[in-house]
Structure formats: C-alpha cells, structure tokens
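Report on the following structure.
Values below: every heavy atom of this structure, side chains too, minus hydrogens, waters and symmetry copies. Remember, it's 1-based here, ligands and their atoms both numbered in the order they're listed.
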Amino acid sequence: MNIQDRIKEILITIPKNVDLVAVSKTKSSEEIICAYNEGLRVFGENKVQEMTEKQKILPPDIEWHMVGHLQRNKVKYIASYVSLIHSVDSMKLIIEINKQALKFNRIIPCLLQIKIAEEETKYGLSETEAYYLIENSIKFNNIKIIGLMGMASFTKDELKINNEFKKLKFFFDKLKLKFHHLKILSMGMSSDYKLAMKNGSNMIRIGSQIFGPRN
Ligand SMILES: *Cc1c(COP(=O)(O)O)cnc(C)c1O
C-alpha cells in the first residue's frame, strides 16, 4: 500500500476531536509532500536539525511538532517556527524555551512528557514532578503548557498498554480540575493508537503506519 492509501485508511478510523500528527522522522521531503497532498498539515520530528532542514524547504503552512527528546542548547534553532513541543521534561528546559520564544515574540505551546512505561530508557516526568512544573511555569509569559504526552511500554501486552494509557488519562483529568487550560493529551503511536483513543487520547502520533517502516 502507498502513503495516500494508508492515510485514507487511518483517517476513517479517527474521530473529529482527535488530531493526527504524521511522524515523518527519517522520511524524505517527497514523502512528506505526498502526505501533504492528502491534506495532512501537522508533521512530527524527533531531531532538531532534520526538522529545521525540512521546515526551510517545505510549504509554510505545515505545523511542525517536536516529539523527541529536546536538548536545551538546540531550542534556539526551532523557537521561531515550532508549533508544539511534546517532550518538555525539566524546569531548565522550560526556562530556555521561554527565553528563546521571547526573542521571537512568540508563545510556544508545549506538552509535558510523562513517564508511563516501566522501561528505564523512556524519558519523562513523574506525576509529582509534572504538577510542580505546571504550577511553576505559569509565571513564564512565552511558554504555555497545554497538555501531556506519554509513550506506552514497547510490548505486545495490550492489557499493560491499556493500563498505562488509563493511568495517564486519569492524571490528565485530575490536573484539568486545577489547570483549566490543559487540553491536549498526546498518546498513541502506530501500534497502539486505537487503544489510546479508547482511553481518551485527543492527539495521536503516527509514523510507520503512514510512511512505512523506517530503516
Ligand atoms: C517515532 C515516534 C512516533 C511514531 O512512531 P510509529 O511507531 O512509527 O508510529 C511517535 N512518537 C514519538 C515520540 C516518536 O519518537
């Protein structure tokens, strides 16, 4: 199946309230244009340099999302254009994003990445840390935390994945009672996005299911 057909197949399974981020990391500009021509406008990347190179040559109405781990010293390269950063995981990063956004007179929307998987390798905050960061980021005028992101364990155990998504949704709802401006819950990738949507995700990040496997 080609990119066009894969996108059509995915779009019919996504309700209107769920936003699709097409994760185009390692994929060429030609492949991204293919997806663009199917109507997609939101693309996700996990490397600053790759995203910036693509942003320079691809249509200006594309919204670029940083979904991968972000180093503080690289924020300056994306601050002028990035639409959403999914992977905020420290106060130091919040301060840097705020500082760089100010230079461009922007307010950069961000999500806090929450650690929901048991694996040691996954980045992300505990619930206590996330609460603290949201509360303390309110005083910064050029960054706005508008939701949470989480990645489930890399496993075929659907029950386990389901429980991890459920837990994140529960935490999201609890936070929203106090922080009313939270609106995005970014969870679900190619292998688990249907499970994520069942558990209340309203933003899914799909790569290989759209563009095919990465080398
Ligand atoms: C690569 C990546 C995705 C997409 O993964 P697929 O399994 O190819 O859909 C989603 N989220 C993040 C954070 C990623 O790094």
Report all N/O contacts between ligand 1 and the protein shorter than 3.5 Å as a table of atom names and distances to 0.1 Å; if there are none, say 'none'.
unit_1   : atom_1 : unit_2 : atom_2 : d
ligand 1 : 8 (O)  : Ser208 : N      : 2.8
ligand 1 : 8 (O)  : Ser208 : OG     : 2.9
ligand 1 : 8 (O)  : Arg214 : NH1    : 2.8
ligand 1 : 8 (O)  : Arg214 : NH2    : 3.1
ligand 1 : 9 (O)  : Ser190 : N      : 3.0
ligand 1 : 9 (O)  : Ser190 : OG     : 2.5
ligand 1 : 9 (O)  : Gly207 : N      : 2.8
ligand 1 : 11 (N) : Arg205 : NE     : 2.9
ligand 1 : 15 (O) : Lys25  : NZ     : 2.7

The residue among Lys167, Lys166, Lys169, Glu164 that forms side-chain hydrogen bond (donor to acceptor under 3.5 Å, both in side chains) with Asn199 is Lys166
Within the supplied structure, the quantity of interest is the number of heavy atoms (other residues, nucleotides, ligands) at a distance under 6.0 Å from Lys139 NZ; does it exceed 12? yes
Salt bridge Glu45-Lys54, side-chain N to carboxylate O under 4.0 Å: yes
What is the ring orientation for Trp64 with Phe43, classed by angle as parallel under 30°, tilted 30 to 60°, or perpendicular over 60°? tilted
Applying ring pair (Phe, Tyr, Trp, His ring centres under 6.0 Å), name anything that partners Phe179, two or more places apart in sequence or on another chain. Tyr131
I'd like to know if the side chain of Arg6 and the backbone of Met1 have a donor-acceptor N/O pair within less than 3.5 Å. yes
